[in-house]
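Residue numbers begin at 1 in each chain, while the letters A, B, ... track the order of the sequences. Given the structure is predicted, the values throughout are model-derived calculations rather than measurements.
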Amino acid sequence: MQRSGALFSVRFVSSDVMFALVDVNNFYASCEAVFDISLRNKPLVVLSNNDGCVIARSAEAKALGIQMTEPWHQVRARHPQLIHRSSNYELYADMSARVMTILSAAAPSSECYSIDEIFLDIRNVPDRMQLANTVRSRVREWIGLPVCVGIGCTKTRAKLANRVAKKRPQFGGVFDLEALTPAELSELMREIDVGDVWGVGSRLKARLEVLGIRTALDLRNADSEWIRSHSSVVLQRTAAELRGIACIPLELTAPVRKQLVVSRSFGSEVDRYDALRESVLSYVSRAAEKLRTEGLLARRMQIFIHTNSFRDDRAQYSAEFSLKMPVATDDTLALANAAEYALRRIFREGFLYQKAGTMLSELTPAAQRQHALFVDPTQIERRSRLNATLDKINQLYGRDTVRVAGSGVERTWSMRRSQVSPRYTTRWSDLAVARAR
DNA sequence: TCTGGGGTCCTAGGACCC
DNA sequence: TCTGGGGTCCTAGGACCC
């Protein structure tokens with residue numbers, strides 16, 4: 001590849017790559033409809049935690065004009081008959097794993113980019129269209145989920161192609177951007193809004209429009225240095241990718257996690273310290289469990305709480321407290337103690353709290369554990385066996401069977417999930433057959 | 001009444017060092 | 001009168017993604 005002087009700050013990958021981006025259509029809504037046939041071909045929305053806002057829509061719901069992240073109470077007022085489901089992440093995660101197993105087997109290497117998307121490396125595939133059609137029908141037949149495939153010589157172009165495959169049904173769910181003539185490609189990019197390019201969000205779109213960049217074509221044709229001076233290297237890279245210069249490589253191994261967040265809005269607002277403490281301790285327990293599952297230790301812990309910023313009739317308060325653990329740890333009780341200390345530091349009487357959470361950072365692999373100088377190693381060993389037992393019991397009998405006492409029994413703050421579907425694929429008791437009886 | 005949760009990267013500016 | 005310059009590290013904030 002010839003390096004262009006104008007692009008000195010953008011790293012290239014290689015000139016002979018080809019990507020297929022496979023993506024499940026309306027993933028959460030489609031998962032729900034796999035098991036409940038009464039939902040098929042109906043307007044259906046899936047809601048965020050607390051049934052707060054819309055996070056997935058079936059094709060029919062999209063046709064009604066329902067937007068992503070629209071508050072549910074507003075949508076329901078407009079469409080009283082609309083079918084809705086609370087989000088069921090246990091189901092979606094399991095369905096995702098099944099889809100990814102099938103798709104990653106279809107190419108020599110791949111990158112799971114999100115819960116419902118995967119990039120396949122198809123540079124040496126002789127017939128790209130055949131591969132795309134094969135994986136499409138395979139996922140449909142074996143899992144029951146519809147997918148679309150976009151093909152491009154950069155990730156950004158594959159994303160664009162995937163978008164075309166989804167929006168224009170005449171292409172049968174597969175679109176190869178690299179099969180177009182230069183004139184056709186320009187024409188297509190002229191029809192695509194710059195905000196629909198991967199990497200251009202709402203803020204950037206607004207700024208670019210002021211500068212006269214309105215379509216994907218405008219961005220592709222813009223001078224690289226001009227983009228750099230008016231925006232950043234990130235957008236410069238996106239524009240290069242649109243031109244067919246691959247800058248974003250396939251990540252073959254999952255990048256090392258840098259932080260871990262567990263936070264939730266409350267089902268109803270909380271003013272008592274005890275209730276806040278219960279919620280914080282339960283989130284910290286969950287975070288510690290995740291650490292152990294992933295074989296990580298955390299050195300820094302942050303606790304945060306805040307009131308509902310949408311309410312202008314109440315005084316607002318938000319605070320966070322961050323502390324460094326004496327040694328990096330994955331111990332539920334050690335983290336819970338630290339969390340209580342942090343919460344006491346930031347709690348203020350007289351506010352209605354809406355959300356709390358914890359963030360663990362400065363993560364290191366558990367294999368590199370550094371012990372404290374004056375702590376008896378057998379005590380650490382005992383504590384680690386206790387945590388392992390905790391995890392085993394909770395895995396066997398359901399989350400929170402055994403938990404930190406302070407995390408609550410009543411749990412008045414817990415989420416609203418009025419319409420949550422069964423965990424069809426991960427709980428024997430929820431199996432579709434068992435339920436039919 | 002009701003407004004998600006969990007991530008990453010880049011940049012600018014301040015602190016600090018020699 | 002004139003008050004360095006270059007480097008690193010950290011943090012907060014802004015932007016993006018799904």
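- Using a 4.0 Å cut-off between charged side-chain N and carboxylate O, E289(A) and R286(A) make a salt bridge.
- Each of V234(A) and F310(A) was assigned the nucleotide of DNA chain B with the nearest heavy atom; the assignment lying further toward the 5' end belongs to F310(A).
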*Check the pair K155(A) / E111(A) against side-chain contact (heavy atoms from CB on, under 4.5 Å), numbers first and verdict last.*
CA-CA 11 Å; K155(A) 281 181 161 181; E111(A) 172 192 345; 2.6 Å; yes

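- Residue N308(A) is classed as a sugar-phosphate contact, given heavy-atom separations below 4.0 Å to backbone atoms only.
- DNA chain C lies under 4.0 Å from at least one heavy atom of each of the following residues of residues 195-217 of chain A: V197(A), W198(A), G199(A), V200(A), G201(A), S202(A), R203(A), L204(A).
- Taking OG from S186(A) and CG from N221(A), the interatomic distance works out to 6.5 Å, rounded to the nearest 0.5 Å.
- Using a 4.0 Å heavy-atom cutoff across all strands shown, F27(A) reaches no nucleic acid atom at all.
- Of the residues listed (K258(A), R300(A), R257(A), R299(A)), the one engaging E362(A) in a salt bridge (charged side-chain N to carboxylate O under 4.0 Å, His left out) is R300(A), and it is the only one.
- In this structure, R40(A) places its CZ atom where more than 12 heavy-atom neighbours from other residues, nucleotides or ligands lie under 6.0 Å away.
- Using a 4.0 Å cutoff to heavy atoms of chain A, the contacted part of DNA chain C runs 5' to 3' from dA15(C) to dC18(C).
- Partner of S421(A) under the side chain to side chain donor-acceptor pair (under 3.5 Å) criterion, chosen from E90(A), R85(A), E32(A): E32(A).
- Below 30°, between 30° and 60°, or above 60°: for W198(A) and F119(A) the angle between ring planes is between 30° and 60°, a tilted geometry.
- Note that CD1 of I151(A) is 9.5 Å distant from CG of L120(A), once rounded to the nearest 0.5 Å.
- Of the C1' atoms belonging to dC17(B) and dG4(C), the separation is 14 Å, rounded to the nearest Å.
- For DNA chain B, the neighbouring residues in residues 256-266 of chain A, judged by any heavy atom under 4.0 Å, are R257(A), K258(A), Q259(A), L260(A), V261(A), V262(A), S263(A), R264(A), S265(A).
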*With Watson-Crick and G-U wobble geometry limited to distances under 3.5 Å, how should the secondary structure of DNA chain C be encoded in dot-bracket form, using | for bases paired to another strand and [ ] for crossing pairs?*
....||||||||||||||

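- Both P255(A) and D51(A) sit near DNA chain B, but only D51(A) has its closest nucleotide nearer the 5' end.
- Residue contacts shown for R416(A) are limited to sugar-phosphate atoms, with no base heavy atom under 4.0 Å away.
- Counting heavy atoms from C-beta on, the side chains of V54(A) and L47(A) come closer than 4.5 Å.
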Between side-chain atoms of residues 57-71 of chain A and protein atoms elsewhere (two or more places apart, or another chain), which donor-acceptor pairs fall under 3.5 Å?
unit_1 : atom_1 : unit_2 : atom_2 : d
R57(A) : NH1    : I66(A) : O      : 2.8
S58(A) : OG     : K42(A) : O      : 2.8
S58(A) : OG     : L44(A) : N      : 2.9
S58(A) : OG     : E60(A) : OE1    : 3.4
S58(A) : OG     : A61(A) : N      : 3.3
K62(A) : NZ     : N26(A) : OD1    : 2.6
Q67(A) : NE2    : G65(A) : O      : 3.2
E70(A) : OE1    : Q67(A) : N      : 2.8
E70(A) : OE2    : R78(A) : NH1    : 2.8
E70(A) : OE2    : R78(A) : NH2    : 3.3

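- Every residue two or more places apart in sequence or in another chain was checked for a side-chain contact (heavy atoms from CB on, under 4.5 Å) with T293(A), and none qualifies.
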*Should V284(A) and V262(A) be marked as a side-chain contact (heavy atoms from CB on, under 4.5 Å) after you check the CA-CA gap, both sets of side-chain angles, and the distance that decides it?*
CA-CA 7 Å; V284(A) 167; V262(A) 178; over 6 Å; no

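- Checked by atom type and distance alone, the side chain of S96(A) never pairs as donor or acceptor with a backbone atom of Y92(A) at under 3.5 Å.
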